[in-house]
Amino acid sequence: MNWNPIYVLVKKIPRGRVMTYGQLAKALRLPGGARTAGRAMAASPSDQGVPWHRVVGAGGRLLIREPYASLQRKLLESEGLALAEKRILDFRNYEWNPSEGRRRGVVKKEKRG
DNA sequence: CATCTGACGACCG
DNA sequence: GCGGTCGCCAGAT
């Protein structure tokens, strides 16, 4: 199969969490950087369970264009993420790092006022 | 071969 | 915080 390491890593992103193209590139030391990750994602197979919607631009920006943009928004919202027009709100709380592995790493608790 | 176009990211104003 | 620009690299025309 096309076990592109990018897809392997993307598959590990937990539900309700996201990673950026740049993070993927950095984690896998992809030559060409984030664009390479983006190119791979654009060609991600739809029948291999790759949660492509969990990959977003730096800062939690939503970069995908229609018609997939709508689908991505829908999927992310269904996983509990709050979205603004062009980005994920409180992106920092959802960003996932492969090192977290099975660590809790869940949402950082907000300071109570 | 020249040029344009991206599922990008860092910078700058 | 937002839009514009530049650097990067592979594919398409």
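Residue numbering restarts at 1 for every chain, and letters A, B, ... go by the order of the sequence lines.
- Nucleotides dT5(C) and dC4(B) are separated by 15 Å at their P atoms, to the nearest Å.
- Put simply, the side chain of T36(A) gets close to the backbone of P31(A): a donor and an acceptor are under 3.5 Å apart.
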Under 3.5 Å, which N/O atoms of the protein pair with N/O atoms of nucleotides 1-6 of chain C?
{"residue": "dG3(C)", "atom": "OP2", "partner": "K86(A)", "partner atom": "NZ", "Å": "2.4"}

Could you pull out all donor-acceptor pairs under 3.5 Å where a side-chain atom in residues 55-65 of chain A meets a protein atom, sequence neighbours excluded?
none

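- Applying the salt bridge (Lys or Arg N to Asp or Glu O under 4.0 Å) test to pairs two or more places apart or on separate chains, none has a residue in residues 30-45 of chain A.
- Residues that satisfy the side-chain contact (heavy atoms from CB on, under 4.5 Å) test with R15(A), not counting sequence neighbours, are R54(A), E79(A).
- With sequence neighbours excluded, the residues satisfying side-chain contact (heavy atoms from CB on, under 4.5 Å) with E77(A) are L83(A).
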Any chance you could list the contact pattern along nucleotides 2-9 of chain B? Use B for base contacts, S for sugar-phosphate-only contacts and - for none, protein heavy atoms under 4.0 Å, 5' to 3'. ----BBBS
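- Residues forming a side-chain contact (heavy atoms from CB on, under 4.5 Å) with A27(A) (at least two apart in sequence, or on another chain): L9(A), P98(A).
- With sequence neighbours left out, the side-chain contact (heavy atoms from CB on, under 4.5 Å) criterion links A84(A) to R87(A), L89(A).
- Considering only residues two or more places apart in sequence or on other chains, S78(A) meets the side chain to side chain donor-acceptor pair (under 3.5 Å) condition with none of them.
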